[in-house]
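Indexing begins at 1, ligand by ligand and atom by atom, following the structure's order.
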Amino acid sequence: MIVIARARLLSPSEADSLEALARDTIKGVRADPRILRPDDPLLWWFELSTAALIRALERRIRGQLVGEYTLTANGVKLDHISGLAAAFYVALFSVCRQMAGHFRSSNPTWFRKPKIDESLITGDREAILSSFAANVKNMAAALAQRATEQHTDHAVAELQLANTTLTALTEASVDMVLTSPPYCTRIDYSAATRIELAVMHPLVEVKMEDLGRQMIGSTRVPDHDIAVDAAWGPICGRFLGDLKAHPSKASAGYYYKTHLDYFEKMALSLTHLAKGLKPAGAAILVVQDSYYKDIHNDLPGIVTEMGAAAGLQLRRRHDFEFKRSMAGINPHTRTYKRAAGAIEAVLCFEKSREAIQQ
Ligand SMILES: C[S@@+](CC[C@H](N)C(=O)[O-])C[C@H]1O[C@@H](n2cnc3c(N)ncnc32)[C@H](O)[C@@H]1O
C-alpha cells in the first residue's frame, strides 16, 4: 500500500519524464535465470524464463531509481521510496496482475498459488516489456490530466508504514483518524497482495508468512494464548461465546482462536488510535457486519463498545446496505439461515472527556 500511495503522490509535473525514463528502463533487459534465486516467489506463478525477465526488470528499476534512503545500512525503509520508483513498481505490479489474471480465486482480491499439475505463466519478452511501457504511459497520462484539474489546497502528505497493533501514534498528536480496518471476513490482506509482494521480494524483509500473521484478520492460528477481555464489550463476548459453542467442525478450535486474534488486534489498534488523538479529536471507522455460520457478527456494535472502552464516544453512525458481500459468493453460506447482504457502517467517534483527563 505504501508503494501505491507514494506513486499516487507523484507530482503532475513529473508526468513528462515518465515515458522517456521507462524507455531507458526496458532497454536491453533480458531474462537471465542465473540472477533468480531458487526461492524467488515469482516462481510460484511464472515459468523460469518469464520470472527471470520480470526479476531483471525489477532489478533495473531498483538500480535506476532506488537509493540509499530506502536501502539503508539498517535495512530497507520502504517509507522512503521515491514517487518515481513507486510509480515504476506499480506499473510492474499491473503487468504481473494482468498476466496472472486466471489465478484469481472466487474471492476477487485473492491470488491463489497454482496447483501442482497446473502450468505456470509464460510471457514473451516483447509483450512483457511493451505492457510495462504501456502501463507507464497510462500513468503519465493520468498524472498529466491531474495537472489540468483545479487544486485549491496543497496539503503536505507524510506516509509511514506501521503495524497498528504494535505502533502507538505520538500521544495527542492527531486531529482526525479516517480508517477502514479489516472486516473479520477472513480476507487475508497479505494474500491479496501476494503478487506485489513477490515482485518486491528483494525489498520486503519480512517473510510473507510473518506478514500474514501480523494482519488484523489473519487466517493463521495465533502463536500465543488469548483470553476474552471484558473491555471488548458484551456484544463481542456473546458472539465469541456463541461461536465457541457452535457444533460445526473447528468452531471451538481454529475459528475461535482466529476470532480471538482478530478482536485482540482490533482492541489494541483502537487503544493506540485513541491515545494518538488530540483532545476532542475525531475518528471515523468504516466496518461491516457479517455472519459466522448462522451467528451474526455485529462488528459495528462491537467496535462501538470497544471504542467506548478505549475512550472514544460514538457521535454519529450511518448505515449503508451492501447487497453483495464476500459471503454471498461462497456457496456454503446457503447452508445457514442468515440475512442477505451486509451493513457497512460509518462510525464517527469523538475522543471523550474522561479519556482526556486520564
Ligand atoms: C478494509 S482494508 C482498507 C484499505 C484502505 N482503506 C483502502 O481503501 O485501500 C483493511 C486494510 O488494513 C490493513 N491492515 C491489516 N492489519 C493491519 C495492521 N496490523 N496494521 C496496519 N494495517 C493493517 C490491510 O493491509 C488492509 O489494507
Side-chain angles (χ1 to χ4, degrees), residues 1-9 77-79 86 89-90 93-94 97 107-111 157-170 174 176-200 203-224 226 232 258-277 282-290 297 299-300 302-303 306-307 310 318 320 322 324-327 329 342-349:
M1 288 314 298
I2 198 139
V3 176
I4 292 167
R6 183 70 77 207
R8 290 213 179 139
L9 283 178
K77 301 264 179 280
L78 259 192
D79 316 43
Y89 270 107
V90 170
F93 294 164
S94 303
R97 270 197 175 245
N107 175 339
T109 57
W110 276 41
F111 268 97
E158 187 191 319
L159 298 173
Q160 285 179 17
L161 185 62
N163 176 346
T164 55
T165 62
L166 301 176
T167 320
L169 295 161
T170 308
V174 171
M176 192 185 114
V177 171
L178 174 64
T179 183
S180 167
Y183 291 165
C184 201
T185 44
R186 293 183 44 74
I187 294 180
D188 176 348
Y189 283 93
S190 66
T193 50
R194 266 183 182 150
I195 293 258
E196 287 81 355
L197 287 166
V199 171
M200 300 217 67
L203 290 175
V204 181
E205 289 175 327
V206 58
K207 277 204 220 121
M208 246 187 245
E209 191 187 314
D210 294 338
L211 191 65
R213 212 176 266 291
Q214 287 172 27
M215 290 284 158
I216 303 174
S218 167
T219 50
R220 292 170 197 281
V221 174
D223 53 13
H224 62 286
I226 304 172
W232 300 350
T258 49
H259 277 83
L260 283 172
D261 182 62
Y262 176 87
F263 291 117
E264 183 183 55
K265 284 174 173 161
M266 281 294 280
L268 278 167
S269 302
L270 279 168
T271 308
H272 289 151
L273 179 164
K275 276 218 173 95
L277 277 181
I284 302 178
L285 273 81
V286 179
V287 287
Q288 189 187 296
D289 72 344
S290 61
N297 180 353
L299 194 58
I302 293 173
V303 171
M306 269 189 186
H318 295 274
F320 294 85
F322 188 62
R324 284 173 304 130
S325 71
M326 277 309 160
I329 348 180
I343 297 287
E344 210 157 32
V346 182
L347 306 174
C348 308
F349 293 100

Chemist: Once side-chain contact (heavy atoms from CB on, under 4.5 Å) is applied, do any residues pair with E205, and if so which ones, sequence neighbours excluded?
Modeler: V76

Chemist: Restricting to side-chain hydrogen bond (donor to acceptor under 3.5 Å, both in side chains), what partner residues turn up for S190, sequence neighbours left out?
Modeler: D188

Chemist: Output yes when a side-chain donor or acceptor of R6 lies under 3.5 Å from a complementary backbone atom of D79, and no otherwise.
Modeler: yes

Chemist: Donor-acceptor check, side chain of K265 to backbone of M215, threshold 3.5 angstrom: yes or no?
Modeler: yes

Chemist: Treating Y183 as the side-chain partner and E344 as the backbone partner, does any N or O pair qualify as donor plus acceptor under 3.5 Å?
Modeler: no

Chemist: Between ligand 1 and the protein, give all atom pairs where both partners are nitrogen or oxygen and the distance is under 3.5 Å, as lines of names plus distance to 0.1 Å.
Modeler:
| from | atom 1 | to | atom 2 | distance (Å) |
| --- | --- | --- | --- | --- |
| ligand 1 | 16 (N) | I216 | N | 2.9 |
| ligand 1 | 19 (N) | N163 | OD1 | 2.9 |
| ligand 1 | 19 (N) | Q214 | O | 3.3 |
| ligand 1 | 20 (N) | T164 | N | 3.0 |
| ligand 1 | 20 (N) | T164 | OG1 | 3.2 |

Chemist: Going by the rule side-chain hydrogen bond (donor to acceptor under 3.5 Å, both in side chains), which residues pair with D210 if we only count those two or more places apart in sequence or in a different chain?
Modeler: none

